[in-house]
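The basis for the numbers below is simple: all heavy atoms, side chains too, and nothing from hydrogens, waters or symmetry mates. In listed order, ligands and their atoms are each counted from 1.
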Amino acid sequence: MSFPAPSRLRLDGAALVANWKYMAELSGSAAAGAAVKANAYGLGAREVAPRLWAAGCRDFFVAHWGEAAEIADLVPAQNIYVLNGICEEDVVQARELGAIPVLNTPAQIALWRASGGGRCHVMLDSGMNRLGLGPEQYDPMLFDGMDIDIAMSHLASADEITSQNAAQLVNFIAMSQHIGFRRRSLANSCGITLGADYHFDLTRPGISLYGGLALDGLQQVAYPEARILQVRDLPAGSPVGYNYTYVAKSDIRVATVAIGYADGYVRALSNVGTALVGGVELPVIGRVSMDLVTLDISNAPSLSENDWVTMRFNLDAQAKLSGVSPYELLTGMGSRSDRHWN
Ligand SMILES: *Cc1c(COP(=O)(O)O)cnc(C)c1O
């Protein structure tokens, strides 16, 4: 049996492709890849990867080997790169799969060599001190005879105007100097906006593809929708939801809809989120609960039970309202909703 879920994520495939093309254009002479880790930031890697492949994307970044396996029947394995690198547990299957590891540590490099070597990428830590070879581990001998395609690094503060970016750029150039790479890559979405110096041969946009970056030229991709379960008229003074965090100032009409924090509609949008129906904003009133949200639909009196509403999910604005980053808003979209791509 397969019941349609009462909440769904409507996904705009044309907007996704347009966003990738826009970021590719901003990348200038560099090629644009795509970060499709975490199930393409929650939207569905199996839907995202083939659309971007068809648009011309040839470099796909995931975090885990399982994520590479998930899409390896849709795009060639040798075009999928695993950011977390390789460990003993994964190495046999990883070679069988044929996706390419991003080697992050001397031990990962040694393991890759010992298991047969071959094409790989390396992550150099140019200042973030998160993942990748740090300057204290860096030794040109490490890379001797290796088949390194991409030498890469990651920016810690690409979304800020700070001298940290230029410092990382200088470090990256210095660290990559003694490596026989074919390509270099530094910029994530925000890094691309820092200008041509940051583009090198390949860029790695993620959040921007999914509409999570406030840039003119990018479009919203994901639209959460939910079915109205109940409509009621409440007199002034009525409280709504857990802990009575909302009390009606006047007589209102309310609708309770089938979406909640278990679907990724975060609790931090309580009393600040909105739904949108025919251009009319319908405020979320009271607490967002696990499965339900209540809306003030006084301005859309024709709405009735079983109608659908669209929750506002323009990521930058909702992030500011909720204090939850656009990355978390997207990746938190639960697996309980149906996904409808056009
Ligand atoms: C996630 C990730 C990206 C993409 O970053 P966005 O900010 O989503 O564009 C690029 N590079 C690395 C190493 C990443 O981990």
Asks: Sequence neighbours left out, what passes side-chain contact (heavy atoms from CB on, under 4.5 Å) with Ala5? Give chain and number order.
Replies: Asp338
Asks: Considering only N or O atoms, set out every pair between ligand 1 and the protein closer than 3.5 Å, with distances to one decimal place.
Replies:
unit_1   : atom_1 : unit_2 : atom_2 : d
ligand 1 : 7 (O)  : Asn188 : ND2    : 3.1
ligand 1 : 7 (O)  : Tyr327 : OH     : 2.6
ligand 1 : 8 (O)  : Tyr41  : OH     : 2.5
ligand 1 : 8 (O)  : Ile207 : N      : 2.8
ligand 1 : 9 (O)  : Ser189 : N      : 2.8
ligand 1 : 9 (O)  : Ser189 : OG     : 2.6
ligand 1 : 9 (O)  : Gly206 : N      : 2.9
ligand 1 : 11 (N) : His154 : ND1    : 3.4
ligand 1 : 11 (N) : Arg204 : NE     : 2.9
ligand 1 : 11 (N) : Arg204 : NH2    : 3.3
ligand 1 : 15 (O) : Lys37  : NZ     : 2.6

Asks: How would you list, by chain and number, every residue that makes a ring pair (Phe, Tyr, Trp, His ring centres under 6.0 Å) with Tyr198, sequence neighbours excluded?
Replies: none
Asks: For Arg183, is there an ion pair with Asp149 - N to carboxylate O distance below 4.0 angstrom?
Replies: yes
Asks: Enter the distance from Glu225:CD to Thr310:OG1 here, rounded to the nearest 0.5 Å.
Replies: 4.0 Å
Asks: Has Gln78 got more than 12 heavy atoms of other residues, nucleotides or ligands less than 6.0 Å from its CD?
Replies: yes
Asks: Can you list every ring-ring contact (aromatic ring centres under 6.0 Å, His included) pair that touches residues 114-168, not counting sequence neighbours?
Replies: Tyr81-His121, Tyr138-Phe143
